[in-house]
Amino acid sequence: MPAILRLKVQIFKQVFNFTTFHSFCSSRINISTNPDPKTLNHLLNQRPPLFQLKQVHAQVITQSLSSNSTLVDSLIHCYLSTKSLTFARTLFDEHPNYPPSILLWNLMIRSYSKILNSREPVDLFRRLIGLEHDPLVVPDNYTFTFLITSCTHQKSGLHGIIIHGIVIKNGHLSNLYVGNSVINLYAVFGRLDDARKVFDEMPERDVFSWTSLLGGHAKQGEMERATEIAAMMPIRNMVSWAVIISGFIDCGRYIDALTCFHEMLRESHDSLKPNEAVLVCALSACANLEALDQGKWIHAYINKNGFTKMSNISTALIDMYSKCGIIRDAYRVFHSITQPDVCNYTSMISGFSDHGLGSNALRVFHQMIAQNVTPNELTLLGVLKGCSHSGLVEEGCFIFYKTDRYWNIEPKVEHYGCFVDLLGRAGHLKLALAIAIKMPLDADIVIWRALLSACRIYKYVNLADKILAYVEQGYFGHFNGNEVLISNLYASLSKWERVSDVRKSMSKREHKSSIGCSWIEVNGTIHEFRVDDQLHPQIGMLKDVLKSLISDEMFETEFHK
DNA sequence: TACGGTAGGC
């Protein structure tokens, strides 16, 4: 081994435990010169990428500069900025001037705070408050802001509440940032009264305080309260609008979401332009409402304002056109993307599948694999759905059995659902049943429904009876959609008494089920109708039109009974 | 001297 390589190995062993030695060997480190600490620090201040950072770190070790705390501080900064927490943590724990400055404690806590369910921020905080001998290293406003933010990313709000107590005791709650992080903590955990109390007692508030409070109500689906808070806000920014609009979308109030979007445009004129998040939300509302005209309007806005290159916008556009029934335009958007990512591909594949264009879905899927884009769970669900709806049994089987080995994705119950549906629709009912029984997860109602559906198509009476007995035992009376299916199945098998039983059971519970709702977009306005709805301003005219469309007899039965 | 808090789709 040449001397230079031996030295590299030696350095590498010390710093990185050989884990990525190959990549280290291929780096271009200049060992012949020995940069002084000032030069190394200057290099670190440029925030180099990880591979260069490791070279500088190696130089620090080989030149015995590991006790230079300025250099170690800079190295920690750099490792944290490249999200290499493990390296940063090792240097932090072995800091030459232990304990490191409060700045470094804060930076470490901040980095860990972004990781879900990490115990590290609280553990570090415990260590920090245990350093009683050093009066210079004490928690400050930054520490509490990061610490509380980390608690919002945990499963339980318990740590956050305890830390809130410490914050009050130490008088940090008067700080705007600390206060805002506490409001957000309570908002995230649905403790809206507590959030409000902190909000009310703050000496000053800003748009973050208001948005966090508003977001708390939106997350709980309390959109009336959220709207009231929004109306009281002194200033609204794009995030506040995004919180309100997405709140409406989360609870299925798409018309309200779009109304809000237009209100935002009216209010802000040119001062505040909708950003990516708001546009994605608005497109999602259009997709769910099948509001093509509004969707097209937003698309024109996106083109005019240069949002076309944003991947999430493209994904939302593909989805919007697809759900509005214009698959050709969905493909046009997809085709215009230079380098589609997994979300773009998934949206396009699902679009084709929903339109019954399984072979197109499959073609896009193969194109994706050829481009080395790794599919995710939703991509596979999309392509399996496409195969199922288009009878592409062989292709569907191939993909289903390769999910684990090729793409490291363990099939979920939804994938099994698609697969059983694929086999059932194609008439391979016994195989489908075997999969449903032997699958490693518990078969859900969707799977049994797929099997029943297949029994109905192929009139497999005996098998249907067996499945029905099982389904009735486990699920009957819990799923409306299932009862309709069972009733239809009995009807197709001419078992009229059973049909009557199921219908009676359904009508007894009818008051508990949600009211059906339909809507239609005319000239950019959404008109919404519920069962027996008389509220539309033109209901009289609508009834007249309906009269001319359906027979008088039917009209009498439906509307004047 | 350096570090803060809020938002979205398939």
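Chain identifiers are assigned alphabetically (A, B, ...) following the order of the sequence lines, protein sequences preceding nucleic acid strands; residue numbering begins at 1 within each chain. Just so it is clear, the model here is predicted, and its values are computed rather than measured. All values below were derived from every heavy atom in this structure, side-chain atoms included, with hydrogens, water molecules and symmetry-related copies excluded.
Note on A/T315: a base of the nucleic acid sits closer than 4.0 angstrom, heavy atoms only. Among the protein residues, A/C343 comes within range of the nucleic acid bases, having at least one heavy atom under 4.0 Å from a base atom. Nucleic acid contact class of A/L103 (heavy atoms, under 4.0 Å, all strands): base. Within 4.0 Å (heavy atoms only), A/L104 reaches no atom of the nucleic acid at all. Counting any heavy atom pair closer than 4.0 Å across all strands shown, A/N106 reaches a base atom. Nucleic acid contact for A/N141: base, since at least one base atom lies under 4.0 Å from a heavy atom of the residue. Nucleic acid contact class of A/D206 (heavy atoms, under 4.0 Å, all strands): base.
For the residue pair A/H355 / A/N360, no side-chain donor-acceptor distance below 3.5 Å is found, with atom types taken as modelled. Side chain to side chain, A/N312 and A/T315 fail the donor-acceptor criterion of an N or O pair below 3.5 Å. No side-chain N or O of A/N344 forms a donor-acceptor pair with one of A/S347 less than 3.5 Å apart. Side chain to side chain, A/E224 and A/H217 fail the donor-acceptor criterion of an N or O pair below 3.5 Å. In this structure, a donor-acceptor pair under 3.5 Å is absent between the side chains of A/K323 and A/N288. Counted by atom type alone, A/N237 and A/S240 present one or more donor-acceptor pairs between their side chains at under 3.5 Å. Using a 3.5 Å distance cut-off with no hydrogens or angles, the side chains of A/T379 and A/T346 do pair a donor with an acceptor. A donor and an acceptor atom, one from each side chain of A/D319 and A/S322, are nowhere located under 3.5 Å apart.
Straight-line distance from the CG atom of A/L107 to the P atom of B/dG4: 8 Å, rounded to whole Å. For A/K114 and B/dT6, the NZ to C1' distance is 15 Å, given to the nearest whole Å. Between the CG atom of A/L213 and the P atom of B/dA7 there is a distance of 14 Å, given to the nearest Å. We find that NZ of A/K323 is positioned 9 Å from C1' of B/dG9, with the value rounded to whole Å. Look at NZ on A/K412: it is 17 Å from P on B/dC10, rounded to the nearest Å. In this structure, CG of A/N288 is placed 16 Å from P of B/dG8, rounded to the nearest angstrom. Here B/dG9 presents its C1' atom at 9 Å from CD1 of A/I249, a figure rounded to the nearest Å. Counting to the nearest Å, the C1' atom of B/dG8 and the CD1 atom of A/I302 are 13 Å from each other.
If you check B/dG8, B/dA7, B/dC3 against the side chain of A/C281, the one that comes closest is B/dG8. In the set B/dC10, B/dA7, B/dC3, B/dC10 carries the atom at the smallest distance from any side-chain atom of A/S350. Closest approach to the A/D319 side chain among B/dG4, B/dC10, B/dA7 is made by B/dC10 (side chain taken as heavy atoms from C-beta onward). Closest to the side chain of A/A277, from the set B/dC3, B/dG9, B/dA7, is B/dA7. Taking the side chain of A/V178 as heavy atoms from C-beta on, and the options B/dG4, B/dG8, B/dT6, the nearest nucleotide is B/dG4. Residue A/T145 has its side chain nearest to B/dG4 when only B/dA7, B/dG4, B/dC10 are considered. Looking at the side chain of A/T346, the nearest of the listed nucleotides B/dA7, B/dG4, B/dC10 is B/dC10.
Scanning residues 187-205 of chain A for heavy-atom distances under 4.0 Å to DNA chain B yields an empty list. Contacts with DNA chain B (heavy atom under 4.0 Å) in residues 222-239 of chain A: A/V239, listed by number. Non-hydrogen atoms lying under 4.0 Å from DNA chain B are contributed by nothing in residues 155-167 of chain A.
Taking the six-membered ring where tryptophan is involved, the planes of A/H164 and A/Y186 are perpendicular, since the angle between them exceeds 60° and thus also 30°. By the 30° and 60° cut-offs, the orientation of the rings of A/F398 relative to A/Y406 is perpendicular.
Both tests do not hold together for A/R332 against A/Y321: distance to the six-membered ring centre under 6.0 Å, angle to the ring axis within 45°.
Evaluation of A/Y142 against the base of B/dC3 yields a stacking contact (centre distance < 5.5 Å, interplanar angle < 30°).
Neither OP1 nor OP2 of B/dG8 sits under 4.0 Å from any side-chain N or O of A/N312.
Annotation: A/F146 is not in aromatic contact with A/Y112 [ring centroid separation under 6.0 Å not met].
Residues A/H153 and A/S113 come closest through the heavy atom pair ND1-O, 2.7 Å.
For a distance-only test at 3.5 Å, the side chain of A/N275 qualifies as a donor-acceptor partner of the base of B/dA7. For A/N175 and B/dG4, a side-chain-to-base donor-acceptor distance below 3.5 Å is present, hydrogens and geometry of angles not being considered.
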Verdict with reasoning, A/R449 to A/D444, per salt bridge (charged side-chain N to carboxylate O under 4.0 Å, His left out): CA-CA 9 Å; A/R449 208 153 58 190; A/D444 67 355; over 6 Å; no
